[in-house]
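A short worksheet on the structure shown next.
All values below were derived from every heavy atom in this structure, side-chain atoms included, with hydrogens, water molecules and symmetry-related copies excluded.
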Amino acid sequence: MASTNFRPLHDRVVVKRVESEEKTKGGIIIPDTAKEKPAEGEIVAVGSGVRDDKGALVALDVKVGDRVLFGKWSGTEVKLDGTDLLIMKESDIMGVIG
């Protein structure tokens, strides 16, 4: 997948969106035109981290496989190996699920 073909730099991560449900809890089917892009995804690649004031490398808090929540307009959409992905800074991630 993207982690073998693309390595983000510094504090950037590559996220694959997790698709939302096609139906509401009441059973109403949501058409594609009415769906919002999900703000939840899975980390598929992470950068090496950033350097602090002393030059030491500080690793990221997230790792490959983490499910995360991010802002609605976060990241840059890219297509790698036919897969739609987002590249964003770790600071755009609001939290890890589970």
Side-chain angles (χ1 to χ4, degrees):
M1 167 134 338
S3 60
T4 59
N5 298 327
F6 182 80
R7 183 178 55 90
L9 298 176
H10 309 295
D11 64 339
R12 289 181 176 80
V13 297
V14 178
V15 178
K16 181 178 179 185
R17 287 187 194 269
V18 175
E19 294 304 318
S20 58
E21 291 292 320
E22 301 282 326
K23 294 181 184 178
T24 64
K25 289 181 181 180
I28 298 171
I29 296 175
I30 303 168
D32 289 338
T33 55
K35 285 186 205 172
E36 287 190 22
K37 290 185 178 180
E40 180 180 336
E42 181 179 343
I43 304 283
V44 295
V46 297
S48 58
V50 293
R51 300 224 177 252
D52 64 11
D53 295 338
K54 297 177 183 173
L57 190 64
V58 178
L60 302 182
D61 287 333
V62 295
K63 62 187 179 311
V64 172
D66 282 349
R67 285 180 71 105
V68 295
L69 291 177
F70 49 87
K72 189 174 188 178
W73 306 108
S74 297
T76 301
E77 294 181 356
V78 296
K79 188 170 228 163
L80 294 172
D81 297 330
T83 305
D84 291 325
L85 301 168
L86 285 166
I87 299 173
M88 66 181 69
K89 288 190 169 237
E90 185 187 36
S91 60
D92 290 337
I93 296 173
M94 293 185 269
V96 178
I97 300 172

Quiz item: Atom CG in Leu69, atom CZ in Arg67: separation rounded to 0.5 Å?
Solution: 9.0 Å

Quiz item: To the nearest 0.5 Å, how far apart are OG in Ser48 and CZ in Arg12?
Solution: 11.0 Å

Quiz item: Going hydrophobic residue to hydrophobic residue with side-chain gaps under 4.5 angstrom, can you get from Val18 over to Ile97?
Solution: no

Quiz item: What residue among Ile43, Val13, Asp92 forms side-chain contact (heavy atoms from CB on, under 4.5 Å) with Val68?
Solution: Ile43

Exercise. Could you tell me whether the side chain of Asp81 and the main chain of Thr83 form a donor-acceptor pair under 3.5 Å?
Key: no

Practice problem: Check whether any side-chain heavy atom of Phe6 lies under 4.5 Å from a side-chain heavy atom of Val78, and answer yes or no. | Solution: no

Quiz item: OG of Ser74 to CG of Leu86: how many Å apart, nearest 0.5 Å?
Solution: 8.5 Å

Practice problem: May I ask you to say whether Lys63 pairs ionically with Asp66, meaning some side-chain N is under 4.0 Å from a carboxylate O? | Solution: yes

Quiz prompt | Distance (rounded to the nearest 0.5 Å) between Lys89 NZ and Thr76 OG1 | solution = 11.0 Å

Quiz item: From Asp84 CG over to Lys16 NZ, what is the distance, rounded to the nearest 0.5 angstrom?
Solution: 9.5 Å

Quiz item: Is there side-chain contact between Glu90 and Asp61, with heavy atoms separated by less than 4.5 Å?
Solution: yes

Quiz item: So which of Ile93, Val46, Val50 actually passes side-chain contact (heavy atoms from CB on, under 4.5 Å) with Leu60?
Solution: Val46

